[in-house]
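Structure record follows, encoded as structure tokens.
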Amino acid sequence: MGGYAEARELLRRTRATQVRLFGADDPDTLDSAQGLQPVLNNLGRREEALVLLRVTVAGRGAVLKPAHPLTPRSRAGLLTLLTGAEIAAEEATLLALPADCARYLGLRHPVTVSARHNHARALFVLGRFASADEEIREVAEEYERSFGPDHPTVLAARQLYAQTRAALGDGGTATDLTAAVVARREQGLGPDHPFTLSGRALLTELRTGRRRPPSAPGGA
């Protein structure tokens, strides 16, 4: 619903209670940390979100083990928060995530598809536009088969696909894709939801010839 400030306070209080009662590495405590970190990022607190996400990745890896679906789900979050330089510094581990997910969970598992979404975002940030374009197109199609055309995750993937199309010089397709995303978000989320505003800003940039890097796949 876009109520990031309210969500932050609720999740912080919940996590603090869980830490006190169960400990920092309890699975429920880690769930709250996982939920809190994208909220912090959406509030512009990337560094705080990144610290919390790394704690979550380490905790889930130790408690749940690497093959548990929640562990690669947290690892995938790193691909949405890190800059290009940060991704390049850990490239071998970070970009291996989709293959790890496929080995642990299978190619069609939702966590694997989500990891491929974030992987495509990382490729885009690294300037590997053709590879990012192919992957995010496939991810968007897989999402749509699972969730239908109006699901927020589908629209997030299609917005990234628009950005890869623009980076490859296909501005017309990029603009059309983004306009469709904005229209569906206005209908489903409302005209003032942060995801709608993000799509509208990208549409303006495409129409005026300006570019921006993608943000987290959850919405922007």
Note, Leu50 side chain near Leu78 side chain (heavy atom, < 4.5 Å): yes
Determine whether Arg185 and His193 make a side-chain contact, defined as any pair of heavy atoms from C-beta on separated by less than 4.5 Å. no
Side chains of Pro27 and Val63: does their closest heavy-atom pair fall under 4.5 Å? yes
Are Arg54 and Glu90 close enough, and set up right, to give a salt bridge (Lys or Arg N to Asp or Glu O under 4.0 Å), and what steps lead you there? CA-CA 13 Å; Arg54 288 195 185 277; Glu90 303 178 56; 2.8 Å; yes
Common cluster, Leu95/Val57, ILVMFWY with side-chain heavy-atom separation under 4.5 Å: yes
All side-chain hydrogen bond (donor to acceptor under 3.5 Å, both in side chains) counterparts of Arg165, not counting sequence neighbours: Asp133, Asp170
Closest approach of Ala174 and Ala162, non-hydrogen atoms and distance? CB-O, 3.1 Å
Do Arg116 and Glu142 have side chains that approach each other closer than 4.5 Å (heavy atoms only, starting at C-beta)? no
Verdict with supporting geometry, Ser114 and Tyr143, side chain to side chain contact (heavy atoms under 4.5 Å, CB included): CA-CA 9 Å; Ser114 179; Tyr143 278 155; 3.9 Å; yes
Below 4.5 Å, heavy atoms only, C-beta onward: do Pro149 and Val154 meet side chain to side chain? no
Does one hydrophobic cluster hold both Leu43 and Leu52, with members joined at side-chain heavy-atom distances below 4.5 Å? yes
Would a single hydrophobic cluster contain both Val51 and Leu79, if residues Ile, Leu, Val, Met, Phe, Trp and Tyr are joined by side-chain heavy-atom contacts under 4.5 Å? no
Following the transitive rule for hydrophobic clusters with a side-chain heavy-atom cut-off under 4.5 Å over Ile, Leu, Val, Met, Phe, Trp and Tyr, establish whether Leu81 and Leu126 coincide in one cluster. yes
If we only count heavy atoms from C-beta on, is the Gln159 to Phe195 side-chain gap below 4.5 Å? no
Nearest heavy-atom approach of Asp25 to Gly59 is OD1-CA, 4.0 Å
From CZ (Arg15) to CG (Asp31), nearest 0.5 Å: 11.5 Å
If every non-hydrogen atom of Leu177 is compared with every non-hydrogen atom of Tyr161, which pair is closest and at what distance? CD1-CD2, 3.6 Å
Minimum side-chain heavy-atom gap Leu40-Leu36 below 4.5 Å: yes
Rounded to the nearest 0.5 Å, the CG atom of Asp100 sits from the OG1 atom of Thr71 at a distance of 11.5 Å
Is there a donor-acceptor contact under 3.5 Å from the side chain of Asn118 to the main chain of Ala76? yes
Counting N and O atoms only, with roles assigned by atom type, does the side chain of Thr112 sit under 3.5 Å from a partner on the main chain of Leu107, one being a donor and the other an acceptor? no
Rounded to the nearest 0.5 angstrom, the CD-CZ distance for Glu6 and Arg8 is 9.0 Å
What heavy-atom pair brings Thr164 and Phe129 nearest, and what distance separates the two atoms? CB-O, 4.4 Å
Distance (rounded to the nearest 0.5 Å) between Thr178 OG1 and Leu202 CG: 4.5 Å
Asp26 side chain to Phe22 backbone, donor-acceptor under 3.5 Å: no
Whether Thr196 side chain and Asp192 backbone form a donor-acceptor pair below 3.5 Å: no
Shortest non-hydrogen contact from Ala24 toward Val19: CA-CG2, 4.2 Å
Is the distance between the ring centroids of Tyr104 and His68 less than 6.0 Å? no
Using only heavy-atom distances, determine whether the side chains of Glu86 and Thr83 contain a donor-acceptor pair under 3.5 Å. yes
When you compare the side chain of Gln37 with that of Glu48, does any pair of heavy atoms fall below 4.5 Å? no
Nearest 0.5 Å, what's the CG-CD distance between Leu206 and Gln163? 7.5 Å
Per side chain to side chain contact (heavy atoms under 4.5 Å, CB included), Glu135 is matched among Arg128, Arg121, His119 by His119
Cluster question for you: counting only ILVMFWY and a side-chain heavy-atom cut-off of under 4.5 Å, with indirect links fine, are Leu30 and Leu53 together? no
Decide yes or no on side chain to side chain contact (heavy atoms under 4.5 Å, CB included) for Ile136 and His117, but give the supporting numbers first. CA-CA 6 Å; Ile136 197 59; His117 183 171; 3.5 Å; yes
Is it the case that over 12 heavy atoms from other parts of the model lie below 6.0 angstrom from the CZ atom of Arg73? no
Could you check whether any side-chain N or O of Arg200 sits under 3.5 Å from a backbone N or O of Val182, counting only pairs where one atom can act as donor and the other as acceptor? no
Side chain of Thr208, backbone of Thr204: donor and acceptor closer than 3.5 Å? yes
Do the side-chain N and O atoms of Ser74 and Gln34 include a donor-acceptor pair separated by under 3.5 angstrom? yes
How long is the span from the CG atom in Leu123 to the CG atom in Leu160, to the nearest 0.5 Å? 9.5 Å
So, are Arg13 and Glu9 salt-bridged, with charged N and O less than 4.0 Å apart? no
Arg12 atom CZ: more than 12 heavy-atom contacts under 6.0 Å: yes
Nearest non-hydrogen partners of Pro98 and Ala115, listed with the distance: CG-O, 4.2 Å
